[in-house]
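Everything below concerns the one structure shown next.
Residue numbers start from 1 in every chain, and the chains themselves are labelled A, B, ... in the order their sequence lines are given, proteins ahead of strands.
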Number of protein chains: 2
Amino acid sequence: MTKPHKARTEGKPAEKETAEKEAGGKKVAAKIPMRDFSQSLPMSLLRTRESVMRHFRPSLRAHDLTEQQWRIIRALAASGEIEVTELARVAFLLGPSLSRILRDLEARKLIERRLLKADLRRSIVSITSKGLKLIEAVAPTSEAIYAEMTKRFGVRKLSDLQALLHELEAALLAMPAADGAEDDLSDQ
Amino acid sequence: MTKPHKARTEGKPAEKETAEKEAGGKKVAAKIPMRDFSQSLPMSLLRTRESVMRHFRPSLRAHDLTEQQWRIIRALAASGEIEVTELARVAFLLGPSLSRILRDLEARKLIERRLLKADLRRSIVSITSKGLKLIEAVAPTSEAIYAEMTKRFGVRKLSDLQALLHELEAALLAMPAADGAEDDLSDQ
DNA sequence: CACAACCATTTAACATGTTAATCGGTTTTT
DNA sequence: AAAAACCGATTAACATGTTAAATGGTTGTG
């Protein structure tokens with residue numbers, strides 16, 4: 001990928017000597033503020049997600065569950081039995097995190113594991129009855145919160161948002177990944 | 001940081017999707033429907049954000065920067081000088097995380113700190129010239145990636161998405177937080 | 001002025017994110 | 001079959017997320 005030479009200033013110019021780098025003779029003042037930082041897509045997604053999770057955390061916490069543990073429990077309840085690798089995919093967790101969490105959930109007897117005789121490298125994970133009870137205890141509250149959110153935001157807008165999120169995800173999955181070995185200008 | 005992965009294992013049709021299942025004598029009984037787990041709003045936001053960050057990470061990594069460190073550096077470049085508490089707000093980081101990261105960035109001479117004489121509890125953080133150079137080295141690639149994303153997804157849709165994200169965030173901030181003291185049946 | 005209440009920041013402790021390395025188990029190659 | 005190549009899962013090591021507690025500094029009140 002080539003480097004664009006269009007660092008433009010548009011946000012608020014930083015006072016101080018935030019480096020006046022100029023191309024030619026014009027002072028581009030604050031330099032490279034890039035898109036207003038607080039409005040970058042990753043930040044927007046992060047903030048919005050947090051504004052959502054903020055409402056669910058108290059309920060999970062009341063049942064001694066972290067967000068990730070809840071994701072796993074729910075995924076298991078929805079799929080019955082599932083291999084660790086597949087569980088990592090649906091619960092969107094990395095292997096190491098999943099490994100640790102499964103260890104803890106197993107100790108709490110919320111889930112169970114058994115080896116696959118056909119391939120001893122693999123194991124099958126499933127939820128226990130105790131785990132199911134926990135879900136039954138938490139789900140109503142979660143559903144109520146979700147319903148309230150939907151009501152406040154609007155079914156239609158929520159649906160539109162979900163659609164856009166999926167479209168963006170699809171568009172980016174189709175976009176080739178830059179390997180980070182761009183230009184490597186260690187000079188300067 | 002937040003960035004799940006790439007656990008793929010295709011050709012693995014997730015048999016049995018929802019609900020009850022009975023393998024042998026083990027009944028992984030039924031449960032509450034709930035919205036299809038994988039389509040929950042938090043998961044959608046998480047996955048989409050990851051699909052975005054996935055493209056930026058290689059570039060950041062090439063410069064030995066984590067996502068959070070980059071957020072801080074950028075926020076500083078955009079605001080000149082700023083107090084720690086305010087920095088935590090704009091970079092969307094919790095105090096403890098920020099404290100650690102600032103310590104490291106200061107050791108790397110990318111940022112500086114000075115106490116506020118008027119109130120010794122507070123300190124002002126600012127970016128150094130070395131930090132600015134780092135930004136100049138990373139920004140072009142980041143901007144190029146962002147531009148490519150915008151091109152693939154569409155300016156209009158990106159704008160719509162940002163708008164919906166903000167609206168949802170606003171709607172949820174106005175929603176009272178459940179304190180999680182519902183029924184509290186301590187498991188056991 | 002003494003002191004409690006309050007505030008900004010940091011430290012502590014534990015869970016997860018993340019990449020690399022490791023460890024059995026399985027498949028392929030010779 | 002034995003060695004090499006692969007593979008799934010875990011462990012290691014370090015950075016961050018998250019809540020609670022500690023540390024110093026500041027303010028309000030008596």
Pairs under 3.5 angstrom, nitrogen or oxygen only, protein versus nucleotides 11-13 of chain D, please.
| from | atom 1 | to | atom 2 | distance (Å) |
| --- | --- | --- | --- | --- |
| dA13(D) | N6 | R100(A) | NH1 | 3.4 |

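- A salt bridge links E86(A) with R89(A); the closest basic N to acidic carboxylate O contact falls under 4.0 Å.
- Remark: C1' of dT16(D) and CG of L60(B) are 15 Å apart, rounded to the nearest angstrom.
- Side chain of I101(B), nearest nucleotide from dT16(D), dG8(D), dT19(C): dT16(D).
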For nucleotides 25-27 of chain D, which of its nitrogen or oxygen atoms have a protein nitrogen or oxygen under 3.5 Å away, and what is each distance?
| from | atom 1 | to | atom 2 | distance (Å) |
| --- | --- | --- | --- | --- |
| dG25(D) | N2 | R121(B) | NH1 | 3.0 |
| dT26(D) | OP1 | L120(B) | N | 2.9 |

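- Residues that satisfy the side chain to side chain donor-acceptor pair (under 3.5 Å) test with R103(A), not counting sequence neighbours, are absent from this structure.
- For R113(B), a side-chain nitrogen or oxygen approaches OP1 or OP2 of dT10(C) to under 4.0 Å.
- D160(B) is linked by a side-chain contact (heavy atoms from CB on, under 4.5 Å) to L164(A), R156(B), counting only residues two or more places apart in sequence or in another chain.
- For K157(B), the side chain to side chain donor-acceptor pair (under 3.5 Å) partners are E167(A), not counting sequence neighbours.
- The side chain to side chain donor-acceptor pair (under 3.5 Å) check on R61(B) picks up nothing, with sequence neighbours excluded.
- Here L173(A) sits alone; no ILVMFWY side chain lies under 4.5 Å from its own, so it joins no hydrophobic cluster.
- Proximity of R57(A) to the phosphate of dG17(D): no side-chain N or O atom is located under 4.0 Å from OP1 or OP2.
- Taking only side-chain nitrogens and oxygens, S123(B) never comes nearer than 4.0 Å to OP1 or OP2 of dA8(C).
- Between dG17(D) and Q68(B), a contact under 4.0 Å exists linking OP1 or OP2 to a side-chain N or O.
- Between L102(A) atom CG and dG8(D) atom P there is a gap of 16 Å when expressed in whole angstrom units.
- In this entry the distance linking CG of L93(B) with P of dT16(C) reads 20 Å, nearest Å.
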In a table with atom names and distances, give each donor-acceptor pair under 3.5 Å that connects a side chain of residues 93-101 of chain B to protein atoms at least two apart or in another chain.
| from | atom 1 | to | atom 2 | distance (Å) |
| --- | --- | --- | --- | --- |
| S97(B) | OG | R100(B) | NH2 | 3.3 |

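- In the hydrophobic clustering (ILVMFWY side chains linked at under 4.5 Å, chained through shared members), I124(A) is joined by L116(A).
- Among the nucleotides dG17(C), dT10(D), dT18(D), the one closest to the side chain of E50(A) is dT18(D).
- The residue Q69(B) sits close only to the backbone: its heavy atoms come under 4.0 Å of sugar-phosphate atoms, none of a base.
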